[in-house]
Amino acid sequence: MRLVPSELDQLRSVIRQVAQSQVQSHYRHLENSDVATKRSPIDLVTVVDKNIEQQLTSEFKRLYPQSVVIGEESVAAAPYILEQLGDAKLAFVIDPIDGTWNFANEVSVFGVMVAVISHGQTQHGLLYDPLQDDWVMATLGERAWRVDSNDHSQPLQASERQALAQSMGFVSLFTFNAAMQLHLAPQLAGFARVMSFGCSCFEYRLLSAGRADFLVAPDPNVWDHAAGQLIFREAGGFSAFSDGEMYVPTRHRGILVCASSEALWHQLLTHFQLI
């Protein structure tokens, strides 16, 4: 099931209204009691994550009563809801604040991510920056676009860089297990730049705009990757797991490698010894 343009406009309006309200009232005004840890001291959740997810879930269910809504925080409480994703005619996947550590520590690199998925295939991806009030978004088969706060749009195009030595990309070592950290760390040399923003939303924005060339991520959570994957592919990028299987939002295990081209993807697999 694909949303028509008027429905997408309505979806954007809901996301903007909810995100703006929560971010403006809480960003750089969080109390200690507004922030909690989950699996580790750097895996944070804030009252804003919870509020945005709850409000978007309520609004999406109001607009589409038969839809399935899956949010990062709801999965943390009830992992089994992910099982609904493959068969759902219409599912919304929400990352209410992607880059929560940044948000909680007053770093202005965070965003809201929403993917619209039908029968296991992502139909729409939306990455929203509530501070700049702009979007990076795509509909399957209709290219990727940046839409500014005045609703002016421009198409996005992935990078054309091919040489590893000239490439810039994202590898968040802390997201890998200890053995893979030791394996990958020595190989981060030899690129023009390797970085991590701790925010998939902004990393996919940069990849889709051609300002970065690759991303390597383990065990991709659907809320971190479904929207960005669609946008990146619609911008001309290439991505697949290290075993060669293409990304689908129902797969959550494996090393995902994104590259501006298939040729660079193969180079990355060889360089990082993932084959």
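Worth knowing before you read on, the calculation uses all heavy atoms, side chains too, and leaves out hydrogens, waters and symmetry mates.
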Under 3.5 Å side-chain donor-acceptor pair for D134 and Y128: no
Qualifying residue, where the test is side chain to side chain contact (heavy atoms under 4.5 Å, CB included) with I231 and the options are T139, L127, L126, L207: L127
R12 and D151 ion-paired at < 4.0 Å: yes
Shared hydrophobic cluster for L215 and W265 (ILVMFWY, side-chain gaps under 4.5 Å): no
Pair S239, Q229: side-chain N/O donor-acceptor within cut-off below 3.5 Å: yes
Check: F176 ring centroid to H183 ring centroid under 6.0 Å: no
Aromatic ring pairing Y64/F92, orientation class (parallel under 30°, perpendicular over 60°, tilted between): tilted
Cluster link V171 to L256, ILVMFWY, side chain under 4.5 Å: no
Single-linkage hydrophobic cluster, 4.5 Å side-chain cutoff, V112 and V23 together: yes
Short side-chain donor-acceptor distance under 3.5 Å, D9 and S6: no
Salt bridge (Lys or Arg N to Asp or Glu O under 4.0 Å) partners of D129, counting only residues at least two apart: none
R2 side chain vs L140 backbone, donor-acceptor pair below 3.5 Å: yes
F202 ring center within less than 6.0 Å of F197 ring center: no
Donor-acceptor contact below 3.5 Å, side chain N177 vs main chain M180: yes
Within the 6.0 Å centroid threshold, strictly below: H225 and Y204: yes
